[in-house]
Amino acid sequence: MPYDWIEIEQKWQKIWCDMDIAAPSIDSNKKKYYGIFAYPSPSSFLHIGQLRGYTLLDMFLRLKRMQNYNVYFPCGTHATGIPSYGFVKKLESGNSEILKNLNYYGVNEETLKKLHSPAYAAEFLGESYKKSWKAFGMLVDTDSYAITISRGYNKFIEWQFRTLYKSGYLVQKPHFAPYCPNCGPVAVDPSESDLSRGGNAEMMEYTLIFFRTEDGFILPAATLRPETIFGVTNLWIREDAKYVIAEVGSMNWIIAMDSAEKFINQFDAKIVASISSRDIQSKKVKTPFTGNVIAIYESNFVEPGVGSGVVMSVPSDAPYDLVAVKDKSLDIDPIPIIRVEGYDKAYMGVFNGDLAAVNGVRSWNIESLADIRLEELTKLIYKIEYHNGILYKNCGEYNDCRISEVKDKIIDRLIKDRNGDKLYEFDQQVVCRCGTTVIIKKIRDQWFINYHNERIKNLTKEHIKKMTILPDEYKEELQSIIDWYDDRACTRKGNWLGTRFPMDSSWIIEPIADSTLYPAFYIVSRYINRGMINVEDLDDEFFDAVFLGKAYKGRINDKDLVKKIGKEFNYWYPLDLNAGGKEHKRVHFPVFLMMHTMVFDEHKLPDGLFVHWWVTERGGVKISKSKGGDLPFVLDAPKIYSADAMRMFYASVTPFSDLEWNETDVINFRNRLSQIWEFITGNNQHDDSLHYIDQWFERMIKRMVRIAEQHLINMKFREAMNIIYYNYFDAFEWYYARGGNNSTLIKFAKDTVKKMMLPITPHIAEELWSLNHDTILSTESYPSFEYCEENEIEYGELYIKRIYSDIAELIKLIGKKIEKVNLYIADEWKYGLYREMVDMFVAGRTPKISDFISRFTDVPGKKAAKQISAMIEFARHSTPVIDEYFILTDAMNLLERKLDVKITIIKGSDGNYTGSKKGEAIPLRPAIHIQTE
RNA sequence: GCUGGGAUAGCCAAGUAUGGUCAACGGCGGCAGACUCAAGAUCUGCUCUUGUAGAAGUCCCCAGGUUCAAAUCCUGGUCCCAGCACCA
């Protein structure tokens with residue numbers, strides 16, 4: 001009967017659900033294992049790429065269950081922030097894909113209306129995620145489901161932040177953030193949920209350098225290269241732009257009107273008057289550090305909206321400045337300050353000696369400010385000088401310093417001496433949804449989580465050394481990521497979903513900050529979902545009692561219940577494994593670990609991380625949620641290909657690399673499953689006969705069981721799959737081919753492979769098991785056997801296979817009709833030599849051809865040398881000596897049948913040992929003589 | 001730029017830690033054949049070059065080096081990918 005995956009998979013999903021086998025239970029006789037995946041944010045339906053990570057974790061946890069661990073595998077969604085706003089936006093714009101997919105969930109008019117609320121949409125999507133997980137056969141406990149915008153979760157986060165506050169891990173300080181003057185704070189990210197333009201913009205950090213006039217004004221020149229201050233010859237402004245006087249504290253700054261908005265938002269500047277460019281040009285200014293008094297000129301390359309509209313001129317290293325100086329025929333000589341080593345001949349001599357701008361403009365033949373190559377040359381000089389440039393002349397105490405090392409020191413010094421400040425600006429225009437240009441605003445009282453804390457960093461880094469982390473290299477990487485971490489803003493203002501900040505309800509807690517301790521909350525969430533606890537009773541006392549073990553004197557009357565939940569927390573915590581995609585390496589995982597260190601003691605810190613990669617579209621294109629339409633919809637895939645085949649596909653390359661969607665592969669896996677189905681359910685006649693090959697097969701089974709288990713436990717899914725779904729059945733077929741037919745052993749072999757199949761393809765494994773058992777395979781134990789090393793029995797079969805392929809190749813080469821094949825087994829004296837070689841290796845010596853050549857008498861010297869070296873190779877790998885005659889005789893039927901020839905086996909001790917090829921025989925490699933007609 | 005990863009036959013992709021059993025697992029695609037009403041099916045063989053004796057030659061991004069021996073180790077170079085702070 002053919003394999004009907006749709007019916008069978010749905011049947012088993014229902015059975016697992018009805019029997020509630022994913023439900024956690026405390027059993028002190030069993031070891032526990034607590035695993036989660038980093039919960040997804042509900043911005044649209046899950047797509048088949050995302051299911052990869054979740055099902056890989058499920059495979060791992062299913063094996064853990066079979067290894068008799070008590071497994072807890074809850075789930076949730078992270079709705080904080082703006083993800084579901086994006087969904088609503090797409091829905092409202094009539095996105096056909098979304099409307100089509102909504103049909104899968106039987107959405108009626110009323111629900112459709114409600115979906116315009118982002119909070120409702122988030123909950124709706126969360127429910128759809130549960131369906132997707134189950135449709136892929138995951139044994140996930142949905143009773144513990146948590147969504148981060150629920151009342152219960154809010155209570156939990158409030159507790160977390162009050163706890164942080166009390167411990168001094170929250171700090172307030174100024175912060176620069178993207179801000180729409182009309183709507184408030186916005187997020188600048190490529191998905192552009194808040195924006196109509198500029199999602200890829202980067203925040204540039206300019207240094208403002210204060211040039212003071214004699215009459216008390218400051219011209220703050222904005223630059224990306226503050227280290228070139230030693231080469232400044234003059235300032236530039238723009239003749240036809242409006243300039244204003246801005247009051248900043250007690251200072252009076254002169255800036256371009258077009259830049260004023262930035263200064264208002266970042267420095268609280270007050271515009272008090274305007275000033276003509278002619279007035280500005282009549283002034284002279286003093287340069288910080290050098291004390292040089294310089295003039296101010298105008299040039300039309302100055303952009304009044306960029307920086308401050310005041311530019312410092314460094315003709316030695318800034319091509320624009322040099323060309324502008326020439327343009328105006330000013331009597332100014334560039335001041336050499338930077339030397340670059342090792343690039344004398346590269347880039348057309350730009351870095352030959354000092355004065356890169358002068359060399360560059362000359363060799364590139366640039367004469368006009370309108371030349372577009374100026375931009376390119378500027379970038380080149382910046383890049384090379386930053387990494388290889390040395391301040392070598394006219395730079396005072398900074399002479400002989402590498403620019404990359406000294407730049408930050410110069411900036412710090414400028415700020416410290418009140419000769420400068422920082423100015424932030426986007427590198428491209430960013431426009432809000434509302435149409436207003438987004439600017440960067442200084443937020444004076446931003447709340448941060450103190451991840452910069454050295455003690456927390458050190459404790460976390462120490463703990464990471466003890467963790468199980470896959471892939472291996474991430475363990476090292478994490479150490480440096482933690483070092484690099486700075487305090488992280490944890491609150492924001494604006495229209496977002498999330499928890500109000502308990503210390504100041506005008507703020508909302510930011511999404512990264514509220515997703516660090518949730519594995520603890522799942523344990524409580526289960527009680528909320530089952531109505532055993534009232535959300536309003538979840539106060540700080542409750543969480544302190546459950547999570548921190550403090551005595552409970554709170555409002556819940558049933559004190560035993562609180563005690564019970566606390567006990568469960570202590571049973572399941574610490575978390576054993578957190579599985580998440582590669583994008584979590586630098587954000588989620590580090591703060592997840594550090595937050596645990598801040599809140600819990602060392603015995604509650606997570607034990608494991610698993611970082612996985614995703615499925616991409618063909619050509620390595622990342623699957624975007626909006627564009628998921630090219631791929632099968634997540635609930636269609638199990639029907640088209642079967643969930644089991646999808647799981648095999650996910651497992652088919654290392655988790656630590658992206659996997660390209662390939663429908664052909666999935667179909668092939670599905671066909672393979674059908675084949676296995678036929679193979680196992682086929683009712684061949686077996687008997688009680690015993691054969692030599694029986695013990696080989698039994699040993700193979702036991703070894704493969706062990707190896708597959710080892711692979712799975714190390715997340716080597718591909719390797720495990722090769723053994724379970726391919727090698728195992730190859731061995732099975734070889735067993736049949738060699739005449740094996742023992743019914744007891746065959747039943748054992750079939751039942752064993754069903755168990756091995758369960759973690760990766762649970763549905764078909766469960767169904768096959770149910771054909772001759774009354775139990776649920778998902779709750780059975782993984783087979784466990786004494787490990788058996790490879791020995792002569794296995795080698796004997798390899799020997800047969802090699803002889804088979806050797807004969808087959810020879811027959812092919814000769815290409816004539818074959819009469820018969822003679823196999824000559826090597827003479828006994830050659831075995832003697834072979835054993836000597838093995839002994840030499842055992843004694844740590846390498847046998848040499850010359851040691852043996854004189855004792856070879858049956859073939860010419862050159863051939864003898866070759867044979868000896870072949871024997872040495874066998875001996876090097878300590879290939880065991882087997883009874884070749886016995887094994888060949890036992891396999892003769894098979895060889896004759898498969899090769900369709902008559903075979904004669906001749907022992908070396910046999911008196912009839914003749915024939916042209918007999919001398920070629922060496923131990924473990926008989927001579928083959930093919931007689932043609 | 002910073003940090004991490006990578007480059008293997010027409011394509012995808014193992015192998016690299018512990019150098020030799022590597023002309024290099026597996027899959028796709030291609031070719032030939034079997035089953036013969038058909039099949040998005042399955043099975044068998046072939047798929048770098050040469051070859052009527054189990055072999056030889058040339059190969060694992062490029063250039064050097066170490067070694068009896070290198071896809072694997074070392075040095076230098078080129079190219080590609082991912083992540084990068086208020087964004088989940």
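Numbers restart at 1 for each chain; the letters A, B, ... are given by sequence-line order, proteins then strands. Just so we're clear, the structure is a prediction, and the values are computed from it rather than from any experiment.
- Side chain of A:Arg672 to main chain of A:Tyr725: a donor-acceptor pair is present (N/O by atom type, distance under 3.5 Å, no hydrogens or angles).
- Comparing atom distances between the A:Ile82 side chain and each of B:rA88, B:rG4, B:rA41 picks out B:rA88 as nearest.
- In this model, the phosphate group of B:rG27 is not approached by any side-chain N or O of A:Arg672 to a distance below 4.0 Å at OP1 or OP2.
- Picking from B:rC84, B:rG29, B:rA88 the nucleotide with the shortest atom distance to the side chain of A:Trp484 gives B:rC84.
- Remark: P of B:rC87 and CZ of A:Phe426 are 10 Å apart, rounded to the nearest angstrom.
- The nucleotide whose nearest atom lies closest to any side-chain atom of A:Phe448 is, among B:rC86, B:rA53, B:rG4, B:rC86.
- The base-pairing partner of B:rA24, taking Watson-Crick or G-U wobble contacts with both distances under 3.5 Å, does not exist among the strands shown.
- In this structure, the nucleotide among B:rA85, B:rA53, B:rA88 sitting nearest to the side chain of A:Ile930 is B:rA53.
- Residue A:Pro590 is classed as having no contact, given no heavy-atom separation below 4.0 Å to the nucleic acid.
- Of the candidate nucleotides B:rA13, B:rU3, B:rA53, B:rU3 has the atom nearest to the side chain of A:Arg586.
- A:Arg492 forms no cation-pi arrangement with A:Trp447, by the criterion of a distance under 6.0 Å to the ring centre and an angle within 45° of the ring axis.
- B:rU72 and B:rG1 are spaced 27 Å apart, taking the P atom of each and rounding to whole Å.
- Pairing for B:rC48 goes to B:rG57, judged as Watson-Crick or G-U wobble with the two contacts each under 3.5 Å.
- Nucleic acid contact for A:Ser515: none, since no nucleic acid atom lies under 4.0 Å from a heavy atom of the residue.
- Across all strands, A:Asp665 comes closer than 4.0 Å only to sugar-phosphate atoms, never to a base (heavy-atom distances).
- Using N1 to N3 plus N6-O4 or O6-N4 for Watson-Crick, or N1-O2 and O6-N3 for G-U wobble, each under 3.5 Å, B:rU16 pairs with nothing.
- Here the nucleotide nearest the side chain of A:Lys585, chosen from B:rC87, B:rA82, B:rG4, is B:rG4.
- At whole-Å resolution of the value, CG in A:Leu125 and P in B:rA88 are 16 Å apart.
- Both A:Trp613 and A:Ser657 sit near RNA chain B, but only A:Ser657 has its closest nucleotide nearer the 5' end.
- The CD-C1' distance, from A:Gln172 to B:rC86, rounds to 16 Å in whole Å.
- Checking B:rA34 for Watson-Crick or G-U wobble geometry (two distances, each under 3.5 Å) identifies B:rU42 as its partner.
- A:Asp486 comes within 4.0 angstrom of a base, heavy atoms only.
- Comparing the P positions of B:rU16 and B:rG6 gives a spacing of 12 Å, expressed to the nearest Å.
- Rounded to whole Å, the separation between the P atoms of B:rA41 and B:rG4 comes to 47 Å.
- Following rounding to the nearest Å, A:Ile928 (CD1) and B:rA53 (P) show an atom-to-atom distance of 14 Å.
- Looking only at atom types and distance, the side chain of A:Glu510 has no donor-acceptor partner in the side chain of A:Trp496 under 3.5 Å away.
- The distance between the ring centers of A:Trp661 and A:Tyr641 falls below 6.0 angstrom.
- Taking a pair to require two hydrogen-bonding distances under 3.5 Å in either a Watson-Crick or a G-U wobble arrangement, B:rC79 pairs with B:rG6.
- Comparing B:rC59 with B:rC43, their P atoms are spaced 37 Å from each other, to the whole Å.
- Geometric assessment of A:Lys173 against the ring of A:Phe448 yields a positive cation-pi assignment under the 6.0 Å and 45° thresholds.
- As judged by a 4.0 angstrom heavy-atom cut-off over every strand, A:Ser652 is placed among residues making no nucleic acid contact.
- Between A:Phe679 and A:Phe732, the two ring planes are perpendicular [angle over 60°; tilted spans 30° to 60°].
- For A:Glu477, the listed nucleotide lying nearest its side chain is B:rU3; candidates were B:rC28, B:rU3, B:rA88.
- Of the residues near RNA chain B, A:Thr664 and A:Ala927, the one whose nearest nucleotide (by heavy atom distance) lies more toward the 5' end is A:Thr664.
- Comparing the C1' positions of B:rA7 and B:rA71 gives an interatomic distance of 12 Å, to the nearest angstrom.
- Proximity of A:Gln675 to the phosphate of B:rA41: no side-chain N or O atom is located under 4.0 Å from OP1 or OP2.
- Straight-line distance between the P atoms of B:rC48 and B:rA24: roughly 10 Å, to the nearest whole Å.
- Across the P atoms, B:rG27 and B:rG77 are found 40 Å apart, a figure rounded to whole Å.
- Ion pairing of A:Asp658 with A:Lys582 is present here, as a side-chain N (NZ or NE/NH1/NH2) and a carboxylate O approach within less than 4.0 Å.
- With rounding to whole Å, A:Tyr485 atom OH is found 15 Å from B:rG83 atom P.
- Which of B:rA88, B:rG26, B:rA82 sits closest to the side chain of A:Asn722 comes down to B:rG26.
- Side-chain contact, A:Asn668 with A:Asp665: no donor N or O sits under 3.5 Å from an acceptor N or O.
- A gap of 24 Å separates the C1' atoms of B:rC62 and B:rC12, to the nearest Å.
- With a cut-off of 3.5 Å on both pairing distances, B:rA71 has no Watson-Crick or G-U wobble partner at all.
- Of all nucleotides listed (B:rG4, B:rA13, B:rA88), B:rA13 comes nearest to the side chain of A:Arg718.
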